[in-house]
Amino acid sequence: MNVLVETAVRKTENKGAKKHLYTLEETFDRIDKKFIDFYGEYGRKIVNTRRSEWNQDNVVNLKQM
């Protein structure tokens, strides 16, 4: 019985499921936005400091939030 349920779930999950791949910048933007929403202006300062450091190191070129 469990095998039938698992195969049915897998078939429905695969039908029409489109995977959206995010760029590195989009991923960091989403994470940082949630961080800023939680911590407010203090969080924004932390995020911008980290992004400035990464931009100077040429790790990633991220815009300021």
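- Between N55 and Q64, the shortest heavy-atom distance links the atoms ND2-NE2, 4.0 Å.
- In this structure L24 satisfies the side-chain contact (heavy atoms from CB on, under 4.5 Å) test together with F28, V60, sequence neighbours excluded.
- In this structure, NZ in K33 is found 11.0 Å from CZ in R30, a value given to the nearest 0.5 Å.
- A donor-acceptor pair under 3.5 Å is absent between the side-chain atoms of E53 and the main chain of R50, judged by distance alone.
- For the atom pair CG (D32) and NZ (K63), the distance works out to 11.0 Å, reported to the nearest 0.5 Å.
- Comment: R44 engages E41 in a salt bridge, judged by a side-chain N to carboxylate O separation of less than 4.0 angstrom.
- For the ring pair (Phe, Tyr, Trp, His ring centres under 6.0 Å) test, residues two or more places apart in sequence or in another chain that qualify with Y22 are H20.
- The side-chain heavy atoms of V47 and F35, taken from C-beta on, include a pair separated by under 4.5 Å.
- When the side-chain hydrogen bond (donor to acceptor under 3.5 Å, both in side chains) test is applied to D29, the partners found at least two apart in sequence or on another chain are R51.
- Under the 4.5 Å side-chain heavy-atom criterion for Ile, Leu, Val, Met, Phe, Trp and Tyr, I31 and F38 are members of distinct hydrophobic clusters.
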